[in-house]
Amino acid sequence: MTENQPPAAAYDAVVLAGGAARRLGGADKPAVRVGGRPLLDRVLAACADARTTVVVARPRPTARPVTWAREAPPGGGPLAALDAGLRHVTAEHVVLLSADLPFLDGRTVAALLDTLRRGRADGVLLSDSDGRDQPLVAAYRTPSLRRELTALSAAHGGTAGLPLRRLTGALDLLRISDPVASFDCDTWDDIATARARIREHGHVLDEWISAVKDELGIDLDVDTGVLLDLARDAAHGVARPAAPLTTFLVGFAAARAGGDADAVAEAARKAVALANRWAEEETQDAKPAAPASGAAPETRTDAG
């Protein structure tokens with residue numbers, strides 16, 4: 001964010017991480033790892049800039065702090081879980097997410113919120129590859145959710161056991177088609193598909209960098225292309241083992257200089273320039289300069 005950009009409007013996030021996961025044989029689905037990270041932590045990373053993040057489930061270790069809530073009774077279904085989570089929400093807009101979205105990222109969350117803020121609808125949700133609504137990958141106006149939850153609770157004596165569509169069917173909703181971000185993991189086949197996809201050539205580096213940053217607690221957007229170019233130049237111009245050592249030293253220098261993306265870029269620029277100078281000297285040594293025009297070649301023997 002630059003000095004001329006206003007701060008983004010605050011939003012809260014509610015992540016539903018309960019459920020019996022029957023199609024996974026009762027496994028603890030939020031803890032299942034994809035790309036080395038639990039599914040829940042992957043979703044929490046996508047909404048890391050939320051003012052408050054509420055996870056409705058039994059408390060467990062997570063990569064970042066959250067507020068815990070539990071539906072009453074436990075296992076009362078997604079509508080009861082939303083009701084419990086919404087009690088901790090204070091922002092005008094809330095992102096509602098399930099805990100089994102391996103490909104959700106911050107850009108998708110931002111797109112949902114931006115579309116909601118620009119219009120007058122009660123909510124904006126993703127649709128999957130078959131065109132089906134995904135109400136647990138969505139941004140909503142908090143007052144609209146509270147209004148409908150109050151009406152349903154009054155009509156049915158509570159929200160436990162009610163399907164989520166009873167609420168979303170009463171809302172004015174917009175849709176964004178995103179088959180990738182809306183992909184959820186209901187079965188072990190889905191888990192296998194997700195694990196295979198992140199290892200594809202076009203995704204593996206981004207996935208790996210995201211996983212490392214999450215593991216190390218680093219919140220920094222870095223131009224990975226600059227670092228890859230640095231590693232290449234160090235390997236080719238100096239020696240192959242110089243690549244990882246140089247990138248480590250660049251990271252250390254950037255941390256001492258403030259640790260932001262500009263510090264990384266500046267340290268990388270200096271290291272690339274040094275690697276290029278190193279390589280140029282090797283080329284010059286291999287091809288000695290010719291004598292100046294008109295000068296006689298040196299014939300004096302060394303004194304000895």
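FYI, the numbering just counts along the sequence from 1.
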Undergrad: Would you name the heavy atoms of A72 and A160 that are closest together and state the gap between them?
TA: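 Smallest heavy-atom distance, with atoms named: O-CB, 4.3 Å.
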
Undergrad: Shortest non-hydrogen contact from P102 to L39?
TA: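 Looking at all heavy atoms of both residues, the closest pair is CB-CD2, 3.9 Å.
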
Undergrad: Do the side chain of R166 and the main chain of T159 share a donor and acceptor less than 3.5 angstrom apart?
TA: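 Here the side-chain-to-backbone pair does not exist.
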
Undergrad: Who passes side chain to side chain contact (heavy atoms under 4.5 Å, CB included) against V66, sequence neighbours left out?
TA: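 If we apply the side chain to side chain contact (heavy atoms under 4.5 Å, CB included) test to V66, skipping adjacent residues, the hits are L44, T53, V55, T62, W68.
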
Undergrad: What are the two closest heavy atoms between V250 and A268, and how far apart are they?
TA: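 For V250 and A268, the tightest heavy-atom pair comes out as CG1-N, 3.8 Å.
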
Undergrad: Sort and list the pairs that fulfil side chain to side chain donor-acceptor pair (under 3.5 Å) and have at least one residue in residues 31-42, not counting sequence neighbours.
TA: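 Found R42-E207.
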
Undergrad: Look only at the side chain of D178 and the backbone of S182, and say whether a donor-acceptor pair between them is shorter than 3.5 Å.
TA: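 Not confirmed, D178 side chain does not pair with S182 backbone.
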
Undergrad: Got L149 and L79 here, is their nearest side-chain heavy-atom distance under 4.5 Å?
TA: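 Result yes, sub-4.5 Å side-chain heavy-atom pair found.
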
Undergrad: R195: which residues meet the salt bridge (charged side-chain N to carboxylate O under 4.0 Å, His left out) condition with it, sequence neighbours left out?
TA: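 If we apply the salt bridge (charged side-chain N to carboxylate O under 4.0 Å, His left out) test to R195, skipping adjacent residues, there are no hits.
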
Undergrad: Would V15 and L86 show up in the same hydrophobic cluster when neighbours are defined by side-chain heavy atoms closer than 4.5 Å?
TA: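 In one cluster: no.
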
Undergrad: Going from OG1 on T193 to CD1 on I198, what distance comes out if it is rounded to the nearest 0.5 angstrom?
TA: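 T193 atom OG1 to I198 atom CD1 measures 12.0 Å (nearest 0.5 Å).
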
Undergrad: To the nearest 0.5 Å, what is the distance between CD1 on I191 and CG on D186?
TA: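 If we round to the nearest 0.5 Å, I191:CD1 and D186:CG are 9.0 Å apart.
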
Undergrad: Carefully, step by step, assess T108 and D105 under the rule side chain to side chain donor-acceptor pair (under 3.5 Å).
TA: CA-CA 6 Å; T108 302; D105 59 23; 3.1 Å; yes

Undergrad: Can you run down the salt bridge (charged side-chain N to carboxylate O under 4.0 Å, His left out) pairs that involve residues 59-83, sequence neighbours left out, and say none if there aren't any?
TA: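 As it turns out, the salt bridge (charged side-chain N to carboxylate O under 4.0 Å, His left out) pairs with a partner in residues 59-83, which skip direct neighbours, are D28-R60, D83-R87.
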
Undergrad: If you round to the nearest 0.5 Å, how far is CG of D172 from OG of S144?
TA: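 The OG atom of S144 sits 9.0 Å away from the CG atom of D172.
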
Undergrad: Tell me the closest heavy-atom pair linking A84 and V56, and the distance in Å.
TA: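 Minimum heavy-atom separation between A84 and V56: CB-CG1, 4.5 Å.
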
Undergrad: Can you tell me how far CG of D12 sits from CZ of R51, rounded to the nearest 0.5 angstrom?
TA: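 These two atoms lie 5.0 Å from each other.
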
Undergrad: Using modelled atom types only, decide if a donor and an acceptor are shared between the side chain of T247 and the backbone of P244 within a distance under 3.5 Å.
TA: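 Present.
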
Undergrad: Using the salt bridge (charged side-chain N to carboxylate O under 4.0 Å, His left out) rule, collect all pairs that involve residues 92-104, keeping only residues at least two apart or in two chains.
TA: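 Found K29-D100.
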
Undergrad: How far apart are the closest heavy atoms of G18 and A57, and which atoms are they?
TA: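 Scanning both residues, the minimum pair turns out to be N-CB, 4.1 Å.
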
Undergrad: V226 versus D229: any side-chain heavy-atom pair under 4.5 Å?
TA: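 When only atoms from C-beta onward are counted, D229 and V226 do not touch, as no gap falls below 4.5 Å.
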
Undergrad: Tell me, which pairs form a ring-ring contact (aromatic ring centres under 6.0 Å, His included) where one or both residues lie in residues 99-144, sequence neighbours left out?
TA: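 Counting only pairs at least two positions apart or across chains, the ring-ring contact (aromatic ring centres under 6.0 Å, His included) contacts touching residues 99-144 are F103-F183.
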
Undergrad: Do L125 and R175 make a side-chain contact, defined as non-hydrogen atoms from C-beta onward lying under 4.5 Å apart?
TA: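 In short, these two side chains touch, coming nearer than 4.5 Å.
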
Undergrad: Compare all side-chain heavy atoms of V137 with those of D184 and state whether any distance is below 4.5 angstrom.
TA: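 V137 vs D184: side chains apart.
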
Undergrad: Going from CZ on R132 to CG on L126, what distance comes out if it is rounded to the nearest 0.5 angstrom?
TA: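 If I round to the nearest 0.5 Å, the distance is 13.5 Å.
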
Undergrad: L136 and L101: which non-hydrogen atoms are nearest, and at how many Å?
TA: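 Nearest heavy atoms, L136 then L101: O-CD1, 4.0 Å.
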
